[in-house]
Trainee: 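I am attaching a structure below and will ask some questions about it afterwards.
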Protein chains: 2
Amino acid sequence: MQSEPTVYVVDDDEPIRDSLRMLLRSAGLPVETFASAQQFLAAYTPPAPGCLLVDVRMPGMSGLELQELLAARKIALPVIIITGHGHVAMAVRAMKAGAADFVEKPFDDELLLECIRRTLARDADTRRRQSRSSESTQRLAALTPREREIMEHLVAGKSNKAIAADLGISARTVEVHRARIMEKLEAKSLADVVRIALSS
Amino acid sequence: MQSEPTVYVVDDDEPIRDSLRMLLRSAGLPVETFASAQQFLAAYTPPAPGCLLVDVRMPGMSGLELQELLAARKIALPVIIITGHGHVAMAVRAMKAGAADFVEKPFDDELLLECIRRTLARDADTRRRQSRSSESTQRLAALTPREREIMEHLVAGKSNKAIAADLGISARTVEVHRARIMEKLEAKSLADVVRIALSS
DNA sequence: AGGTCCTTACGTACAACTGCGTATTTATCC
DNA sequence: GGATAAATACGCAGTTGTACGTAAGGACCT
């Protein structure tokens with residue numbers, strides 16, 4: 001069960017949270033608001049799609065720290081940084097750290113919405129791509145160590161005979177493993193196997 | 001013959017050009033300076049490696065415009081933007097447009113050097129990766145239309161027979177094409193063909 | 001007229017796929 | 001402890017797929 005793409009707003013200033021919630025809701029976007037990075041982290045269950053709208057200056061964990069923490073945990077939720085007193089160095093740092101955008105307060109409602117929509121669209125796109133590759137990863141995980149070993153030889157372009165010689169086993173055994181690999185990967189041809197092995 | 005990675009400095013202010021040239025030369029980095037974007041464009045021969053150090057505010061073409069022009073021409077030279085009077089929106093725009101960094105004047109010499117070294121290192125890395133993929137592209141370009149068509153069927157996992165049936169030709173012809181494909185791509189196995197076809 | 005491309009047949013040799021049968025080891029569950 | 005499943009291993013035989021040498025014809029472009 002995967003949830004709907006949601007805009008997660010994290011800001012310690014309640015009036016701002018409320019106004020953002022109104023703005024986003026009126027634009028038809030699902031919103032959840034949090035008063036701190038900790039609250040957000042407690043509630044967010046990866047890898048729910050959407051994007052994060054976070055203020056830089058907050059008691060406890062700052063927006064930039066939250067961004068870095070998500071990156072360290074390999075959570076690919078795009079982050080839009082909002083700031084009241086931003087300067088260039090901070091913006092550059094955030095963007096280099098992978099922020100989707102960096103917006104100064106006071107912001108124009110329409111521009112912010114536009115920016116959020118673009119970010120959500122890119123996130124959806126990224127997730128579509130990743131779901132395909134994670135499907136490959138899952139199938140690969142179903143292989144036994146021996147099968148994986150033989151698959152690597154296959155992808156390297158070796159013949160069954162050569163693999164058998166390399167591993168000191170009979171060609172027949174390689175064939176059996178090969179058949180199992182094709183079955184587990186749902187591959188109908190060697191080309192499929194190579195594609196799946198490379199796409200993980 | 002490929003040139004050495006060079007730092008291309010573009011700034012209309014001569015004292016700054018000179019001081020940057022001194023700084024970079026003393027750091028052992030090859031430098032070329034230009035007074036305008038046009039001068040740089042006239043002298044730069046893609047895809048020479050290195051990085052571009054460019055001021056935002058210049059008569060004629062601005063640094064940001066130059067950056068966009070390079071992107072439009074698909075010239076992958078990393079760009080470091082320098083500015084005297086930058087603001088956050090400009091920095092964000094430059095970074096979103098793919099700038100490697102965005103530095104405010106007056107800058108710290110050591111920090112700038114560090115930033116340039118990182119950018120050069122990343123550029124060298126990117127070029128290594130791309131040279132491998134462009135090798136594939138070149139080989140693929142040597143295929144005739146018919147060979148390319150058959151290669152696509154092969155990569156899709158079809159057998160010679162199936163391809164022959166699809167194209168309404170004899171299996172032997174497919175074999176001949178297949179052999180030519182392997183030869184031109186310098187592939188020793190079907191797995192190699194798939195890899196090359198996917199890596200382009 | 002020569003070059004490249006696309007096409008084909010015959011025959012030989014090797015490689016791969018499949019079904020069927022067998023066997024050992026290890027892990028897991030009752 | 002015994003049953004069961006999964007992983008690993010091997011052989012034979014038959015069918016299908018692939019590789020390659022040789023030889024050669026038609027289309028098209030320069």
Side-chain angles (χ1 to χ4, degrees), chain A residues 131-200, chain B residues 131-200:
Chain A
S131 83
R132 264 194 292 279
S133 115
S134 82
E135 216 178 295
S136 299
T137 308
Q138 272 192 337
R139 290 180 191 171
L140 286 171
L143 298 181
T144 67
R146 194 57 154 176
E147 285 162 358
R148 198 182 323 284
E149 189 178 11
I150 286 171
M151 184 197 71
E152 278 158 18
H153 284 76
L154 282 176
V155 172
K158 297 191 180 169
S159 71
N160 286 354
K161 260 195 173 179
I163 297 171
D166 276 9
L167 301 180
I169 58 180
S170 88
R172 184 67 185 90
T173 303
V174 176
E175 283 169 24
V176 174
H177 282 305
R178 186 172 180 153
R180 285 288 289 158
I181 291 168
M182 306 274 281
E183 188 187 325
K184 285 185 178 176
L185 299 186
E186 296 176 37
K188 285 170 203 64
S189 64
L190 178 59
D192 287 348
V193 175
V194 176
R195 239 196 314 283
I196 292 171
L198 294 182
S199 78
S200 65
Chain B
S131 82
R132 264 194 291 279
S133 118
S134 81
E135 217 178 294
S136 300
T137 308
Q138 272 191 337
R139 290 179 192 172
L140 287 171
L143 298 181
T144 67
R146 194 56 152 177
E147 284 163 359
R148 199 184 323 284
E149 188 179 11
I150 286 171
M151 185 196 70
E152 277 159 19
H153 283 78
L154 281 177
V155 172
K158 298 191 179 170
S159 73
N160 287 355
K161 258 194 173 178
I163 297 171
D166 277 9
L167 301 180
I169 58 179
S170 87
R172 183 66 185 92
T173 304
V174 177
E175 284 172 32
V176 173
H177 283 306
R178 185 174 181 150
R180 288 286 289 157
I181 291 168
M182 305 276 281
E183 188 188 325
K184 285 184 178 176
L185 299 185
E186 296 175 37
K188 287 172 203 66
S189 64
L190 178 59
D192 286 348
V193 175
V194 175
R195 240 195 314 283
I196 291 170
L198 294 182
S199 79
S200 62

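Naming: A, B, ... by sequence-line order, numbering from 1 per chain.
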Trainee: Go through the steps for Ile150(B) and Val174(B) under the test side chain to side chain contact (heavy atoms under 4.5 Å, CB included), then give the verdict.
Mentor: CA-CA 7 Å; Ile150(B) 286 171; Val174(B) 177; 4.3 Å; yes
Trainee: Report yes if the side chains of Glu186(A) and Ile196(A) come closer than 4.5 Å at any heavy-atom pair, otherwise no.
Mentor: no
Trainee: Strictly below 4.0 Å, heavy-atom distances to any atom of DNA chain D: list the hits from residues 148-156 of chain B, or just say none.
Mentor: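 Contacting residues: none.
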Trainee: Using a cut-off of strictly less than 4.0 Å between a heavy atom of the residue and any atom of DNA chain D, enumerate the qualifying residues of residues 167-181 of chain B by number.
Mentor: Arg172(B), Glu175(B), Arg178(B)
Trainee: Salt bridge check, Glu183(A) against Arg180(A): does any charged N sit closer than 4.0 Å to a carboxylate O?
Mentor: yes
Trainee: Can you pull the contact range of chain A along DNA chain D, 5' to 3', using atoms under 4.0 angstrom from its heavy atoms?
Mentor: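 Range of nucleotides touched by chain A: dA7(D) to dC12(D).
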Trainee: Does the side chain to side chain contact (heavy atoms under 4.5 Å, CB included) test come out yes or no for Leu190(B) and Arg178(B), once each step is laid out?
Mentor: CA-CA 10 Å; Leu190(B) 178 59; Arg178(B) 185 174 181 150; 4.1 Å; yes
Trainee: Can you check whether Ile163(A) reaches Leu154(A) side chain to side chain, under 4.5 Å on heavy atoms?
Mentor: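 Heavy-atom side-chain distance check passes, below 4.5 Å.
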Trainee: What verdict does the side chain to side chain contact (heavy atoms under 4.5 Å, CB included) test give for Arg146(A) and Leu167(A), after you've listed the backbone C-alpha separation in whole Å, the side-chain angles of each residue and the deciding distance to 0.1 Å?
Mentor: CA-CA 10 Å; Arg146(A) 194 57 154 176; Leu167(A) 301 180; 4.1 Å; yes
Trainee: Roughly, in whole Å, what's the span from CG in Leu143(B) to P in dC5(C)?
Mentor: 10 Å
Trainee: Find out whether Thr144(A) and Lys184(A) are in side-chain contact, i.e. whether some heavy atom of one side chain is under 4.5 Å from a heavy atom of the other.
Mentor: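 A side-chain contact under 4.5 Å exists here.
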Trainee: I need the CG-P distance between Leu190(B) and dA16(C), as an integer number of Å.
Mentor: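 After rounding, the reported distance stands at 11 Å.
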Trainee: Kindly indicate, with the supporting measurements, whether the criterion side chain to side chain contact (heavy atoms under 4.5 Å, CB included) is fulfilled by Met151(B) and Leu140(B).
Mentor: CA-CA 10 Å; Met151(B) 185 196 70; Leu140(B) 287 171; 3.5 Å; yes
Trainee: Taking 4.0 angstrom as the limit, do Arg139(B) and Glu135(B) come out as a salt bridge?
Mentor: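 Salt bridge between Arg139(B) and Glu135(B), a charged N being under 4.0 Å from a carboxylate O: yes.
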Trainee: To check you understand the geometry: which heavy-atom pair defines the closest contact between Ser189(B) and Gly157(A), and what is its length?
Mentor: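 Shortest heavy-atom separation between Ser189(B) and Gly157(A) comes out as OG-CA, 3.2 Å.
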Trainee: Both Thr144(A) and Asn160(B) contact DNA chain D. Taking the nearest nucleotide for each, which residue is further toward the 5' end?
Mentor: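 Here Thr144(A) is the residue nearer the 5' end.
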